[in-house]
Participant: 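Mind looking over this structure? Questions follow.
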Amino acid sequence: ATVLLAGGQGTRLGFDGPKGMYDIGLPSKKTLFCLIAERLLKLIQLASSSNETDISIRIPLYVMTSPMNHDITKEYFISNDFFGLPADDVIFFSQGVLPCLDSEGKILMESTFQCAMAPDGNGGIYPAMEKCGILTDMSNRGIKHIHVFAIDNAIVKPADPFFMGYCIS
């Protein structure tokens, strides 16, 4: 399976939305989400064409979002028909949040009675996978190995057979 870390916003890029929806300047205008989904789809197609069994080749894409971009990310995939991936193999889950602190370690307040909160970062993957049932889903699917990568990597090869094989061996 693949796990895409996609909780970040594109604010440092000057973009008002999830980083995965950012136009990185390709002639095709494809977003990072599109590139990753198309690469994964191609891998599934190649594996299927060389498959000599009746077993269907499936490589789920688990997308870790943040509470700030979860709904818009999910809607983006839905509105783009999951970029050709099977809808039931694209699973969204949200990372947790933690209180924001200033440089002196004091909690920042959003209002008089409410702490300012921010996503807990990529390290939040483990509690989020447990809390959202992702580990159970992986177990039910018989998944033994996962490739975790960040949305920031425009040239990533999701579930690259050479990389995965090397790591497994």
Side-chain angles (χ1 to χ4, degrees), residues 1-13 15 17-24 26 30-48 50-51 55-78 80-98 117-169:
T2 56
V3 178
L4 174 59
L5 304 174
Q9 293 291 98
T11 49
R12 285 180 290 198
L13 300 168
F15 180 66
K19 278 189 228 175
M21 292 171 52
Y22 183 67
D23 176 353
I24 62 171
L26 296 174
K30 291 180 180 178
T31 64
L32 293 168
F33 284 141
C34 179
L35 293 172
I36 288 166
E38 286 182 351
R39 289 177 188 145
L40 188 56
L41 183 60
K42 185 63 175 180
L43 178 61
I44 293 167
Q45 291 168 345
L46 289 170
S48 296
S50 65
N51 183 12
I55 299 171
S56 174
I57 303 296
R58 298 176 72 174
I59 306 173
L61 173 63
Y62 296 89
V63 183
M64 185 174 82
T65 63
S66 70
M68 292 76 170
N69 72 7
H70 182 82
D71 292 337
I72 191 168
T73 298
K74 191 172 180 179
E75 184 54 43
Y76 185 69
F77 272 83
I78 292 168
N80 284 282
D81 197 26
F82 298 91
F83 303 100
L85 293 171
D88 58 341
D89 282 346
V90 181
I91 301 98
F92 300 90
F93 68 105
S94 185
Q95 67 192 104
V97 293
L98 294 170
M117 304 295 278
D120 60 5
N122 291 343
I125 186 175
Y126 305 109
M129 289 175 77
E130 176 64 31
K131 179 182 175 189
C132 298
I134 300 303
L135 297 177
T136 300
D137 186 71
M138 288 179 173
S139 178
N140 291 342
R141 290 172 182 255
I143 294 167
K144 296 180 181 173
H145 307 284
I146 61 173
H147 180 200
V148 179
F149 53 93
I151 192 63
D152 307 273
N153 187 348
I155 61 170
V156 69
K157 294 179 181 179
D160 176 45
F162 292 108
F163 177 71
M164 294 292 294
Y166 180 76
C167 290
I168 292 165
S169 70

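No hydrogens, no waters, no symmetry mates; every other heavy atom, side chains included, goes into these values. Just so it is clear, the model here is predicted, and its values are computed rather than measured.
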Participant: Check salt bridge (charged side-chain N to carboxylate O under 4.0 Å, His left out) between K30 and all other residues, then give those that pass, not counting sequence neighbours.
Facilitator: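 Listed in chain order: E38.
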Participant: Can you tell me how far the CG atom of L135 sits from the CG atom of N140, to the nearest 0.5 Å?
Facilitator: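 Rounded to the nearest 0.5 Å, the CG-CG separation comes to 11.0 Å.
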Participant: I need the C34 SG to R39 CZ distance, nearest 0.5 Å.
Facilitator: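 That separation rounds to 9.5 Å.
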Participant: Would you give me the side-chain donor-acceptor pairs under 3.5 Å for residues 147-156, sequence neighbours excluded?
Facilitator:
from	atom 1	to	atom 2	distance (Å)
H147	ND1	A159	N	2.9
D152	OD1	K19	NZ	2.8
N153	OD1	I155	N	3.1
N153	OD1	V156	N	3.2

Participant: So how far is it from L5 CG to N122 CG, rounded to the nearest 0.5 Å?
Facilitator: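 Taking CG in L5 and CG in N122, the distance rounds to 4.5 Å.
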Participant: Anything under 3.5 Å between a donor and an acceptor, one on a side chain of residues 81-94, the other on a protein residue two or more places apart or in another chain? List them.
Facilitator:
from	atom 1	to	atom 2	distance (Å)
D88	OD2	R58	NH2	3.2
D89	OD1	R58	NE	3.4
D89	OD1	R58	NH2	2.6
D89	OD1	R141	NH1	2.7
D89	OD2	R58	NE	3.0

Participant: For the pair N69 and M21, evaluate side-chain contact (heavy atoms from CB on, under 4.5 Å) and give the outcome as yes or no after the intermediate values.
Facilitator: CA-CA 11 Å; N69 72 7; M21 292 171 52; over 6 Å; no
Participant: Find the distance between CD1 (I59) and CD1 (I146) and round it off to the nearest 0.5 Å.
Facilitator: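 I59 CD1 to I146 CD1: 13.5 Å, rounded to 0.5 Å.
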Participant: Taking side chain to side chain contact (heavy atoms under 4.5 Å, CB included) as the definition, give me every residue that meets it alongside I57, ordered by chain and number, with sequence neighbours left out.
Facilitator: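 Here the qualifying residues are I44, A47, S48, N51.
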Participant: Under the criterion side-chain contact (heavy atoms from CB on, under 4.5 Å), I'd like the reasoning laid out for Y62 against D137: C-alpha separation, chi angles, the key distance, then a yes or no.
Facilitator: CA-CA 10 Å; Y62 296 89; D137 186 71; 2.5 Å; yes
Participant: Taking atom CE of M64 and atom CG of L4, what is their separation to the nearest 0.5 Å?
Facilitator: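 That separation rounds to 9.0 Å.
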Participant: Check residues 124-131 and write down every donor-acceptor pair under 3.5 Å in which the side-chain atom is one partner and the other belongs to a residue at least two apart or another chain.
Facilitator:
none

Participant: For residues 160-169, please give each side-chain donor-acceptor pair under 3.5 Å, one per line with the distance, not counting sequence neighbours.
Facilitator:
from	atom 1	to	atom 2	distance (Å)
D160	OD2	F163	N	3.1
S169	OG	G165	O	3.3
S169	OG	Y166	O	3.0

Participant: Are M138 and V3 side-chain neighbours, meaning at least one heavy-atom pair lies under 4.5 Å?
Facilitator: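 They are in side-chain contact.
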Participant: With sequence neighbours excluded, what pairs up with Y76 under the side-chain hydrogen bond (donor to acceptor under 3.5 Å, both in side chains) test?
Facilitator: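 With sequence neighbours excluded, Y76 shows a side-chain hydrogen bond (donor to acceptor under 3.5 Å, both in side chains) to T31, given in chain and number order.
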Participant: Determine whether L35 and L26 make a side-chain contact, defined as any pair of heavy atoms from C-beta on separated by less than 4.5 Å.
Facilitator: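 They are in contact (side-chain heavy atoms under 4.5 Å apart), so the answer is yes.
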Participant: Once side-chain hydrogen bond (donor to acceptor under 3.5 Å, both in side chains) is applied, do any residues pair with T73, and if so which ones, sequence neighbours excluded?
Facilitator: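 T73 satisfies side-chain hydrogen bond (donor to acceptor under 3.5 Å, both in side chains) with no residue once adjacent residues are dropped.
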Participant: Who are the side chain to side chain contact (heavy atoms under 4.5 Å, CB included) partners of M68, not counting sequence neighbours?
Facilitator: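 Residues passing side chain to side chain contact (heavy atoms under 4.5 Å, CB included) with M68: S66, P119.
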Participant: Under the rule for salt bridge (charged side-chain N to carboxylate O under 4.0 Å, His left out), what residues qualify as partners of D71, not counting sequence neighbours?
Facilitator: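 Once residues adjacent in sequence are excluded, D71 has no partner under the salt bridge (charged side-chain N to carboxylate O under 4.0 Å, His left out) criterion.
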